[in-house]
Structure formats: structure tokens, C-alpha cells
Engineer: 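The structure that follows is given in the form of C-alpha cells.
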Amino acid sequence: TIYDVRGQEHLTHVDKTGFQAFTYPSSVPSSVLLSSDDAEIARVYYPEVEALIKKQTGASRVVFFDHTVRKPRQAAVEGVSDPSQRQPVMLAHVDQTPASAHVRVSRHVNPPQPYK
């Protein structure tokens, strides 16, 4: 069950709930995230997110894949398969099944490495 965790972020942990909520103000201005192309976002935002994920989880490695920026687009049409035209999703959802997650890892992490 997913519910509003505001004020209860301390109850979440990736190993227990599958996600972890915490507050971490970004040094990247929201204007960059909302108006930049994917390459610019990867250049300025990924290093900050990578460092945060490593700090919060103890991970030794972070792999980004399937980057999709979802923001309202006036010209977007429902049903368009172009990832650059995807609209924001207004409901909680999961993009990967457990089986497809394993496939994605093997596709993006070559050669596959053991979990640490």
C-alpha cells in the first residue's frame, strides 16, 4: 500500500519498503531540470544524484538508464511512443517488473557484476 509519507519519511527504507524518502535540496536550479535537454540534465544533475544515492545506500556503483524527463508539453498527444513527448504520470506506478529489471541490469551493466 502506498500512502502519503510526508512527515513519516523516517519510516521508509529501500530494504524495507522498496523506496526511501528523504529531503535533499539540489544545487541544480529547477529551471535547468525543467528546460534543459537530456544531455544537459545528465551532465549537471547525474553526478549530484549519483553521490546522493551512494551516500544514502552505501552503493559502490550507480548506473543510470532509461532517463525520461516527464513534464507537461502542450503539443504532446496521448499514445505517442516518443519518450521525449511523455506526459507526467499523476499516479504512483512501477516501470519495471522484477523479471524486466534483471534484463535491464544485464543490458546496461556489462559485464554483470555481483551485488555488494
Side-chain angles (χ1 to χ4, degrees):
T1 302
I2 296 179
Y3 55 91
D4 185 347
V5 298
R6 286 177 281 195
Q8 301 177 67
E9 292 87 349
H10 66 282
L11 298 176
T12 66
H13 190 279
V14 70
D15 292 333
K16 179 180 174 188
T17 57
F19 70 96
Q20 192 164 337
F22 51 89
T23 301
Y24 187 87
S26 175
S27 65
V28 179
S30 60
S31 59
V32 171
L33 299 175
L34 294 173
S35 63
S36 297
D37 62 24
D38 288 353
E40 178 68 4
I41 291 171
R43 185 184 74 75
V44 299
Y45 193 52
Y46 278 21
E48 179 178 85
V49 173
E50 178 179 10
L52 176 61
I53 291 170
K54 286 180 175 180
K55 177 182 175 187
Q56 290 295 119
T57 66
S60 60
R61 182 176 181 198
V62 175
V63 177
F64 293 93
F65 67 91
D66 198 18
H67 170 125
T68 302
V69 176
R70 294 182 185 256
K71 54 189 170 186
R73 293 172 169 80
Q74 291 180 343
V77 177
E78 289 300 320
V80 173
S81 61
D82 178 359
S84 70
Q85 295 302 311
R86 291 182 184 155
Q87 293 290 333
V89 176
M90 305 311 266
L91 302 170
H93 70 286
V94 176
D95 288 332
Q96 305 290 324
T97 65
S100 67
H102 286 282
V103 171
R104 294 303 292 265
V105 169
S106 64
R107 184 183 306 159
H108 295 283
V109 179
N110 229 339
Q113 298 178 358
Y115 294 105
K116 295 180 181 179

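As the structure is a computational prediction, the values presented were derived from the model and not from experiment.
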Engineer: With clusters defined by side-chain heavy atoms of hydrophobic residues (ILVMFWY) lying less than 4.5 Å apart, directly or transitively, does Val14 cluster with Val49?
Structural biologist: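 No; Val14 is not reachable from Val49 via cluster members.
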Engineer: Mind checking the NE2-CD spacing from His13 to Gln56? Nearest 0.5 Å is all I need.
Structural biologist: 8.5 Å
Engineer: Rounded to the nearest 0.5 Å, how far apart are OH of Tyr24 and NZ of Lys55?
Structural biologist: 6.0 Å
Engineer: For Glu48 and Ser27, work out which heavy atoms get closest and say how close.
Structural biologist: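 Heavy-atom minimum between the residues: OE2-OG, 2.5 Å.
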Engineer: How close do His102 and Pro98 get, heavy atom to heavy atom, and via which atoms?
Structural biologist: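 Scanning both residues completely, I find the closest heavy atoms to be CD2-O, 3.0 Å.
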Engineer: Please name the pair of heavy atoms, one in Pro47 and one in Ala42, separated by the smallest distance, quoted to 0.1 Å.
Structural biologist: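 Heavy atoms only, the tightest pair is CD-O, 3.6 Å.
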Engineer: Going by the rule ring-ring contact (aromatic ring centres under 6.0 Å, His included), which residues pair with Tyr46 if we only count those two or more places apart in sequence or in a different chain?
Structural biologist: Phe64, His67
Engineer: Less than 4.5 Å apart, any side-chain heavy atom of Leu11 and any of Val5?
Structural biologist: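 Contact flag for Leu11/Val5 side chains = no.
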Engineer: So which heavy atom on Val109 is nearest to which on Val63, and how close?
Structural biologist: CG2-CG2, 3.7 Å
Engineer: Tell me whether Ile41 is reachable from Leu52 by hopping between hydrophobic residues (I, L, V, M, F, W, Y) whose side-chain heavy atoms are closer than 4.5 Å.
Structural biologist: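 No.
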Engineer: Working to the nearest 0.5 Å, report the span between CD of Gln20 and CD1 of Ile53.
Structural biologist: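 Answer for the CD-CD1 pair, Gln20 versus Ile53, is 11.0 Å.
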Engineer: Strictly distance-based, threshold 3.5 Å: is any side-chain N or O of Thr17 a donor or acceptor partner for the main-chain N or O of Thr12?
Structural biologist: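 No, the answer is negative, given that no donor and acceptor are paired below the 3.5 Å cut-off.
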Engineer: In the structure I gave you, are the side-chain heavy atoms of Leu33 and Tyr45 within less than 4.5 Å of one another anywhere?
Structural biologist: yes
